[in-house]
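This one's a predicted model, so the numbers in the text were calculated from it and none came from an experiment.
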Amino acid sequence: MKKLQGAHQRKPITPDLLMTPSDQGDVDLDMDFAADRGNWTGKLDFLLSCIGYCVGLGNVWRFPYRAYTNGGGAFLVPYFLMLAICGIPLFFLELSLGQFSSLGPLAVWKISPLFKGAGAAMLLIVGLVAIYYNMIIAYVLFYLFASLTSNLPWEHCGNWWNTDLCLEHRGSKGGNGALPLNLTSTVSPSEEYWSRYVLHIQGSQGIGSPGEIRWNLCLCLLLAWVIVFLCILKGVKSSGKVVYFTATFPYLILLMLLVRGVTLPGAWKGIQFYLTPQFHHLLSSKVWIEAALQIFYSLGVGFGGLLTFASYNTFHQNIYRDTFIVTLGNAITSILAGFAIFSVLGYMSQELGVPVDQVAKAGPGLAFVVYPQAMTMLPLSPFWSFLFFFMLLTLGLDSQFAFLETIVTAVTDEFPYYLRPKKAVFSGLICVAMYLMGLVLTTDGGMYWLVLLDDYSASFGLMVVVITTCLAVTRVYGIQRFCRDIHMMLGFKPGLYFRACWLFLSPATLLALLVYSIVKYQPSEYGSYRFPAWAELLGILMGLLSCLMIPAGMLVAVLREEGSLWEAL
């Protein structure tokens, strides 16, 4: 054993994943094979990092909208069923793979070198997502600074960015409580602040002519990248401590917003609209697809973040328990966020005298238009606005930490001799490169590029990667061998539920999602703007490139082997 440890000091080695328990003999499984990689300084670091990674911006602006448009309370039936079929099993699979190997998304494919392209595809996807995700954090920082004032700048019309269509809806009720009939042709101050001041989208003719760089957005993006770099500077040793704040503080703010929201007049109207069960929706395939997509994207499976985090665990960390804590906690957080959001939207509906469905929006529109407008109707509006955007900031940063750590870990595991001693410098170079690539998002037409990246970077390509990973682990590496690996770590083998999901249910569900997304394909759009054909083609190629990484990786693996083609295979 001393000889083994002495050799380890000179040259990094990793456990041979292709060895069965019987092959490994008396090797001490607790031996730290990757001491120079670093580890979590405590078990809670890992758990909070996973919670912070999974609980993100989508829990606030995507889940509540999807719930009420797909049957309200009835949506929870397919949601939790898809959580059981896809979410929990795939989450546990990725954690198990990372913890047993202590390797990142690229090096872990020594279990089957033929599929190393799946790891490269993960990195491409997470790299593209990290570029535009930090731009969203930059928008949040912009609004955070704008909230540090006695009067919110989007509260009134009359500013240089407002047009003649601007109408302060709060004061537009008639004597009978109804709004003027021409309300649909007006624009709220918060909407013009977002589109004409923050984005300055009127300065762009479309995605092909993005216009000038917005210096204020450029600085906010720079600040976002500086924050991310400082937090991942020492790898999981630094980010693991930051998440003690960023993963827990959003819950405190969410609780404050929830208590404030449900005490507002009209709040019950929004909550009732949010949760009223419409069971006839369950007969539609769309609802089941939406539930599966929400689970798939909210848990962050396939991006490599879970695998990366688990690779820094000790060998016997109880990831089985952690899986249920994180996945169920993520679902409960989404539901609570819905109460907080829709209670305020119900109040807003009563103030404006319009139905709730005319107030609610999906996506960034909820965070940067509707909710800021609602904040102007509350006493101490700058305070509540600051809290809301500070919550979004902490939610977003956790996920961004994971994206960057995934990329850095994967590359340093591939070239440990060169990069591990200079991990901080390498992390800085990655941040600088991504900041420069993201500058196009700070232009007048940057939102068009952000929508294109959001629609295609992690769409069908991500599903192909997850399906490939699931099949490679269960069919090529072998389900029995994988279960024995888990037994070595946790002391028990996964039951029939997990094996059935890994072998059949999860891949079949993801395949159905993939087919559905292709059949129901719709071109990207932003408001009334329709993307040109070349932009659509660029987006499709973006998704296809990650898929093509898999056969390309197979070709490289075969060509590296000696002998005939059959022998190489």
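- Side-chain contact between L306 and C54 is present, with heavy atoms from C-beta onward closer than 4.5 Å.
- Summarising the geometry of E94 relative to V301, their closest heavy-atom pair is OE1-CG1, 3.6 Å, with the distance given to 0.1 Å.
- Counting only heavy atoms from C-beta outward, the side chains of E536 and S524 approach each other to under 4.5 Å.
- Panel note: side chain T443, backbone E212; no donor-acceptor pair is recorded below 3.5 Å.
- In this structure, V243 and D45 approach most closely via the heavy-atom pair CG2-O, 4.0 Å.
- M434 has its side chain within reach of I407: a pair of non-hydrogen atoms, C-beta onward, lies under 4.5 Å apart.
- A donor-acceptor pair is defined here as one N or O able to donate and one able to accept, closer than 3.5 Å; no such pair exists between the side chain of S209 and the backbone of S204.
- Within the 3.5 Å criterion, the main-chain N or O of L152 finds no donor-acceptor partner in the side chain of T149.
- Across P382 and S150, no two heavy atoms sit closer than the pair CG-O, 3.5 Å.
- In this structure, the side chains of M375 and V344 come closer than 4.5 Å at one or more pairs of heavy atoms.
- To the nearest 0.5 Å, the span separating CD1 on I319 from CZ on F324 amounts to 11.5 Å.
- Less than 6.0 angstrom separates the ring centroid of W40 from the ring centroid of F309.
- In this structure the side chain of I136 reaches within 4.5 angstrom of the side chain of Y132, judged on heavy atoms.
- Between the CG atom in L397 and the CZ atom in F401 there is a gap of 4.5 Å [rounded to 0.5 Å].
- Atom-to-atom distance recorded for L378:CG and T376:OG1 is 8.0 Å, nearest 0.5 angstrom.
- In this structure, D455 contributes its side chain and L452 its backbone to no donor-acceptor pair below 3.5 Å.
- Taken from OG in S385 to CZ in F383, the straight-line distance is 11.0 Å, to the nearest 0.5 Å.
- Between Y143 and W194, the two ring planes are tilted [angle within 30° to 60°].
- Taking the six-membered ring for Trp and the full ring otherwise, Y526 and F531 have centroids separated by 6.0 Å or more.
- Within the 4.5 Å cutoff, no side-chain heavy atoms of Y274 are placed close to those of S343.
- Of the possible donor and acceptor atoms, one in the side chain of T263 sits under 3.5 Å from a partner among the backbone N and O of V259.
- Between Y65 and Y68, the gap from one ring centroid to the other is short of 6.0 Å.
- Residues W154 and Q373 come closest through the heavy atom pair NE1-N, 4.2 Å.
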Notebook entry, point to check: Hey, mind stepping through D444 and H200 against side-chain hydrogen bond (donor to acceptor under 3.5 Å, both in side chains) and telling me if it holds?
Noted result: CA-CA 5 Å; D444 296 335; H200 199 257; 3.2 Å; yes

Next item on the list: Decide ring pair (Phe, Tyr, Trp, His ring centres under 6.0 Å) for F390 and F249; before the verdict, give the C-alpha distance in whole Å, the side-chain angles of both, and the deciding distance to 0.1 Å.
Entry: CA-CA 9 Å; F390 193 75; F249 197 67; 5.5 Å; yes

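- In this structure, the separation between CD on E405 and OG on S238 is 7.5 Å, given to the nearest 0.5 Å.
- Of the two cysteines examined, C166 and C157, the SG atoms meet the criterion of being under 2.5 Å apart.
- Between W384 and M256, the shortest heavy-atom contact is CZ3-O, 4.0 Å.
- Using a 4.5 Å heavy-atom cutoff, the side chains of L83 and L299 are in contact.
- Aromatic pair Y312/F46: centroids not less than 6.0 angstrom apart.
- For Y139 and F389, the ring centers sit 6.0 Å or farther from each other.
- Interatomic distance, CD1 of I201 versus CZ of R196, reported as 11.0 Å (0.5 Å rounding).
- Counting heavy atoms from C-beta on, the side chains of Y197 and F142 come closer than 4.5 Å.
- Across every non-hydrogen atom of F279 and A74, the tightest pair is CD2-CB, 3.8 Å.
- Residues Y53 and F303 place their aromatic rings such that the two centres sit no closer than 6.0 Å.
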